[in-house]
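Chain A is the first sequence line, chain B the second, and so forth, proteins listed ahead of strands; every chain is numbered from 1. The basis for the numbers below is simple: all heavy atoms, side chains too, and nothing from hydrogens, waters or symmetry mates.
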2 protein chains.
Amino acid sequence: MESSKAASGGSTRREATRQKLYEAAVTLIAEQGFSATTVDEIAERAGVAKGTVYYNFASKSVLFEELLRHGVELLTASLREAAEQTERDGGSKVDALDAMIRAGLVFIDRYPSFTQLYVAELWRTNRAWQSTLMVVRQQAVAVVEGVLREGVKNGEFSEEIDVALTASALVGMVLVAALDWKSFQPERSLDDVHAALSRLLQGRVSGRR
Amino acid sequence: MESSKAASGGSTRREATRQKLYEAAVTLIAEQGFSATTVDEIAERAGVAKGTVYYNFASKSVLFEELLRHGVELLTASLREAAEQTERDGGSKVDALDAMIRAGLVFIDRYPSFTQLYVAELWRTNRAWQSTLMVVRQQAVAVVEGVLREGVKNGEFSEEIDVALTASALVGMVLVAALDWKSFQPERSLDDVHAALSRLLQGRVSGRR
DNA sequence: ACTTTTGCACTGACCAGTCAGTTCAAATTG
DNA sequence: CAATTTGAACTGACTGGTCAGTGCAAAAGT
C-alpha cells in the first residue's frame, strides 16, 4: 500500500513532527547543552511521545546532527544570496561583505537559539557530529572567503590580507556582536547594529568624523 | 593557570591538587562539555581519587564555577596590563587596542581549552553558574570598552561609534579568529595571526597596498 | 456502497546502564 | 599529630533506547 505522496518527499505528517522536534530541540539544547537535554524533554516540548522521536530519528545524536546541517544550510544559502544580489546590483566587494553582514544579522535575529548552539559546538573535538560540523562550517565560511578572494583579484582589497583568517575574524565579529545584542540589548534595532558593524568593517572607527 | 606559590589562604599542597583538578577539568569539559564529563574522568585525568575531588570542592558545579572565575580573572588582568603598558609607553588608543588583541591571542594560545569552554557557555541561559559568568564577562569586556571610551574622549575615535557593540565585535573578531587558528592552522605563528588582525583593526583591508 | 486489510505514524511503560554524590576506615604527608 | 588523600563500596535518581501495541486513513476486495 503506497502512501499518498503529498508534495515532494516524505509524508506531510512526518515532516511536520520532524519540524516540531527540531524547534523543541533547538531551544532546549541552546539553553542547556546537548548532554544536559533529555530526549524526554524534547518530546514533551514538541508535544509528542518519546517513541516518536526514535521513530523519526535513529538516535539523539542523529537528531542533533540533522538539525545542525539543516540550520547551517539555511545560513549558507542566505549568505550566498546576499552576495549574489550585490553582484547583480553592480555593488563593490565591500558592499557584498556588508550585505553578508546584514544577512548574518537577519539570520541570527531569526534563529538566535540555533546560532548559540552552533557556536557552543563549533570548536569541540571528539564528538560524534564533529565531521558533519566541519563540512557545513566550511561551506558557510567559503562564501565569505570567496568574496574576499575576488576582492583581492580585482584590486579592491590588499593582496596582503590573509583570506582565511580575515574571513574568520569577520564571522566572529558578526557572531559575537549579534549574540551580545540578542542577549543584552534585545531592544535595539537590526539597522542600528548593522550600522555599527558597517562602520567597523570600513575602518571608519579611527579618525574624527 | 600557573601555580602561585602559597598565596593567601590555602596550604600549598591543597592548592596543588586543586590546580591539577582545574587542568584536568578544563580539557575534558572543553572537549565534551560539562554534562558529558564525569567526575570520575576528571579525577582519573588529574591522577587523584574521586574522594579528593569532593574534599576540595563542594560539587562538580562548584569546581566548574571556580575554574571559570579563575580563568577569566587571568584574562582580564592580562588585558588590563596590556592597556596600561601601552599607556606608560605613550602609545595611542589604537596601539592599546592592538596590544590587547595581542594579549588576547597570547592568552588563547596558552589556554585554548579554557577559551573554548568559555565561549561554549557564555550565551547559555538557565544554568547554575550563569550569574558568575555574567560578572566575569563584564569585567573583561569593560577593559576594552574603557579604552574605546577614552579614545572617543580624546578624539582618536569617532564619537559615533557604539562602544558596547564595537567592544563585542572586537572581542568576537579575536576570539573566533584565534579559535580557528588553533583548530585549523595551529602551525601558524602568533605574530602572523596578530598581523592579520591588526590590519583589519586599522582598516587596512580596503584600498590597495 | 460497505467491509476488510494494510502499513505508516505514533504511543508510553519498561529496562539496563550510568552518574553525582556519600561514606568512611585506612594510608600518607608535611 | 593534624591535615589531606585514598579507594572502594553504595545509593538513588535519572536517561537513552526498546518494543509490543494502538489508531487511523487510504487501498483493496466484494
Test side chain to side chain contact (heavy atoms under 4.5 Å, CB included), reference V143(B), set L148(B), L75(B), L79(B), output is L79(B)

OP1, OP2 of dC10(C) versus side-chain N and O of N56(A): anything below 4.0 Å? yes

Quick note, R14(B) side chain, CB onward, closest among dT5(D), dG12(C), dG21(C) is dT5(D)

Checklist line | Cation-pi, F34(A) ring and K60(A) (6.0 angstrom, 45 degrees) | finding: yes

Check: Side-chain N or O of S59(B) less than 4.0 angstrom from OP1 or OP2 on dA20(C)?
Finding: no

From NZ of K20(A) across to P of dA9(C) the rounded distance in Å is 14 Å

*Looking across every strand, which nucleic acid part, if any, lies under 4.0 Å from S35(B) by heavy atom: base, sugar-phosphate, or nothing?*
nothing

Next item on the list: Taking only the side-chain nitrogens and oxygens of T52(B), find out if one of them lies under 4.0 Å from OP1 or OP2 of dT6(D).
Entry: yes

Does dT5(D) have OP1 or OP2 sitting under 4.0 Å from an N or O in the side chain of Y55(B)?
no

Does K50(A) reach a base, just sugar-phosphate, or nothing at all? Heavy atoms under 4.0 Å. base

To the nearest angstrom, the CD-P distance between E44(B) and dA20(C) comes to 13 Å

Distance under 6.0 Å and angle within 45° of ring axis: R137(A) vs Y118(A):
no

When rounded to whole Å, the CZ to C1' distance for the pair R18(B) and dT5(D) reads 14 Å

Please classify the nucleic acid contact of T37(A) as base, sugar-phosphate, or nothing, using heavy-atom distances under 4.0 Å. sugar-phosphate

| Aromatic rings Y22(B) and F57(B): how do their planes relate, parallel, tilted or perpendicular, breaks at 30° and 60°? | tilted

Whole-Å distance, L21(A) CG to dT11(C) C1', equals 14 Å

>> Need one value for T38(B): base, sugar-phosphate or nothing, where a base atom within 4.0 Å counts as base even if backbone is also close, heavy atoms only.
In response: sugar-phosphate

Any side-chain heavy-atom pair from K182(A) and T115(A) closer than 4.5 angstrom?
no

note: D40(A), atom CG; dT18(D), atom P; distance rounded to Å ~ 14 Å

Winner on side-chain proximity to V39(B), out of dA20(C), dG12(C), dT6(D), is dA20(C)

Whole-Å distance, E41(A) CD to dG17(D) P, equals 15 Å

note: E15(B), atom CD; dA3(D), atom P; distance rounded to Å ~ 17 Å

Of the candidates dC10(C), dT6(D), dG16(D), the side chain of K60(A) sits closest to dG16(D)

Between CG of L28(A) and P of dT15(D) the distance, given in whole Å, is 12 Å

The answer to which of F34(B) and G51(A) contacts DNA chain C further toward the 5' end, by nearest nucleotide, is G51(A)

